[in-house]
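To start, the structure itself, in structure tokens.
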There are 2 protein chains.
Amino acid sequence: MKIKQLASFTGVSAKTIRYYEDIGLLPKAKRGGNGYRYYHEQDVTSLKFIRRCKELRIPLADIKRLVVVQGSGNAPCRQVDTIIFQQLEKIRVAQYELEQLERNLKTLANCCDHEQIKDCEILKHLRAN
Amino acid sequence: MKIKQLASFTGVSAKTIRYYEDIGLLPKAKRGGNGYRYYHEQDVTSLKFIRRCKELRIPLADIKRLVVVQGSGNAPCRQVDTIIFQQLEKIRVAQYELEQLERNLKTLANCCDHEQIKDCEILKHLRAN
DNA sequence: CTTGACCTTCCTGTAACTGGAAGCTTTATT
DNA sequence: AATAAAGCTTCCAGTTACAGGAAGGTCAAG
């Protein structure tokens with residue numbers, strides 16, 4: 001199949017597929033005599049795997065490591081574990097930050113009485129030491 | 001004062017200060033005969049304002065609008081409001097996404113029995129349709 | 001035989017910086 | 001006074017994960 005079909009099977013744009021090939025996340029596709037890239041079922045699987053990782057917000061660099069490690073059948077899967085746990089930790093840190101943020105923004109949002117700029121409580125808060 | 005001093009007063013690096021000037025978030029600094037930038041108290045205030053906005057994760061483009069709007073004393077402060085509320089909304093969307101994410105990652109993290117790569121449940125899940 | 005869809009590569013832009021090179025000026029030390 | 005170190009300048013490249021678009025080749029349909 002050609003690139004656009006792979007794209008529609010996987011929900012990953014053709015542009016992005018080429019990009020993944022560029023950075024070595026996907027192997028170099030076989031080319032026809034016309035220079036077109038041609039793909040197989042296997043590529044659908046690979047791309048879906050990548051897409052699923054992306055949904056977990058795993059950075060491409062880590063996804064690459066996951067892809068590579070899949071080839072090494074008998075190795076222990078500590079690397080996989082680590083990536084997932086680190087990701088989970090990142091998410092938790094982000095959650096904590098967003099909580100603080102939400103509280104601060106809520107306070108700020110509530111303080112405005114829709115006055116004129118020069119009396120705006122929001123701006124006053126933002127300027128405050 | 002020179003740029004590094006402004007940096008230390010505000011907690012914004014000299015590099016970043018120059019960058020802010022470049023993109024027009026800060027006004028062009030006055031230069032001495034040597035080409036050095038020189039700053040006043042006012043600039044400390046401006047930068048602290050920006051820093052506070054940054055802590056709320058307001059994008060620089062929006063911070064710029066806040067900076068500009070501060071000059072227009074008698075205008076209604078609807079723009080300010082809007083930016084804050086949009087920001088709050090963004091944060092809430094992000095929180096929601098992170099919640100889903102955390103759940104998914106937790107499930108994944110718990111399914112691994114530290115086996116070999118070829119039997120790794122995490123990878124199996126990631127490959128699953 | 002031409003139109004339109006699809007393919008290719010390459011370049012640019014995004015957000016908000018950070019790092020580093022090359023080359024001044026100023027300050028401190030010897 | 002000479003020199004070294006710190007601080008300043010500009011400019012270029014890199015970061016992340018692509019998207020948009022130009023220029024040009026290819027293929028199927030009418």
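So that the names make sense, note that chain A is the first sequence line, chain B the second, and so on, each numbered from 1. Values reported hereafter were calculated over all heavy atoms of this structure, with side chains retained and with hydrogens, waters and symmetry mates removed.
- DNA chain C is contacted by both B/Gly33 and B/Leu60; B/Leu60 maps to the nucleotide lying nearer its 5′ end (nearest heavy atom per residue).
- The minimum heavy-atom distance linking B/Leu108 with B/Ile122 is given by the pair O-CG1, 3.5 Å.
- Atom P of nucleotide C/dG4 and atom NZ of A/Lys4 are separated by 16 Å, given to the nearest angstrom.
- Atom OH of B/Tyr19 and atom C1' of C/dG20 are 18 Å apart (whole Å).
- For A/Ser13 and A/Tyr38, each mapped to the nucleotide of DNA chain D holding its nearest heavy atom, the one lying further toward the 5' end belongs to A/Ser13.
- Residues A/Lys48 and A/Phe9 have side chains not in contact (no heavy-atom distance under 4.5 Å, counting atoms from C-beta outward).
- Nucleotide C/dA15 holds its P atom 16 Å from the CD1 atom of B/Ile58, rounded to whole Å.
- Heavy-atom minimum distance, B/Ile3 versus B/Ala14: CD1-O, 3.6 Å.
- For B/Thr16, no side-chain nitrogen or oxygen approaches OP1 or OP2 of C/dA16 to under 4.0 Å.
- Note: CD (B/Glu55) to C1' (C/dA16) measures 16 Å, nearest angstrom.
- Put simply, CD1 on B/Ile63 is 10 Å from C1' on C/dA16, counting in whole angstrom units.
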Expected string for nucleotides 8-13 of chain C under the B/S/- scheme (protein heavy atoms, under 4.0 Å, primed atoms plus P, OP1, OP2 as sugar-phosphate) is BB----

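- Dense packing is recorded around NZ of A/Lys118, with more than 12 heavy atoms of other residues, nucleotides or ligands lying under 6.0 Å away.
- Here the C1' atom of nucleotide C/dA16 and the CZ atom of B/Arg51 are 17 Å apart, to the nearest Å.
- Separating the CD atom of A/Gln5 from the C1' atom of C/dC7 is a distance of 14 Å, rounded to the nearest angstrom.
- Across the protein-nucleic acid pair, B/Lys64 atom NZ and C/dA15 atom C1' stand 13 Å apart, rounded to whole Å.
- Within the 4.5 Å cutoff, side-chain heavy atoms of A/Leu26 are placed close to those of A/Ser46.
- The salt bridge (charged side-chain N to carboxylate O under 4.0 Å, His left out) contacts involving residues 23-35 of chain B comprise B/Glu21-B/Arg31, where partners must be two or more places apart or lie in separate chains.
- Salt bridge A/Asp81/A/Arg78: absent, no basic N to carboxylate O contact under 4.0 Å.
- Under 4.0 Å is where a charged nitrogen must lie from a carboxylate oxygen, and between A/Glu99 and A/Arg103 no such pair does.
- The minimum heavy-atom distance linking B/Gln87 with B/Leu56 is given by the pair NE2-O, 3.0 Å.
- Heavy-atom contacts of chain A under 4.0 Å fall on DNA chain D between two terminal nucleotides, which in 5' to 3' order are D/dA17 to D/dC27.
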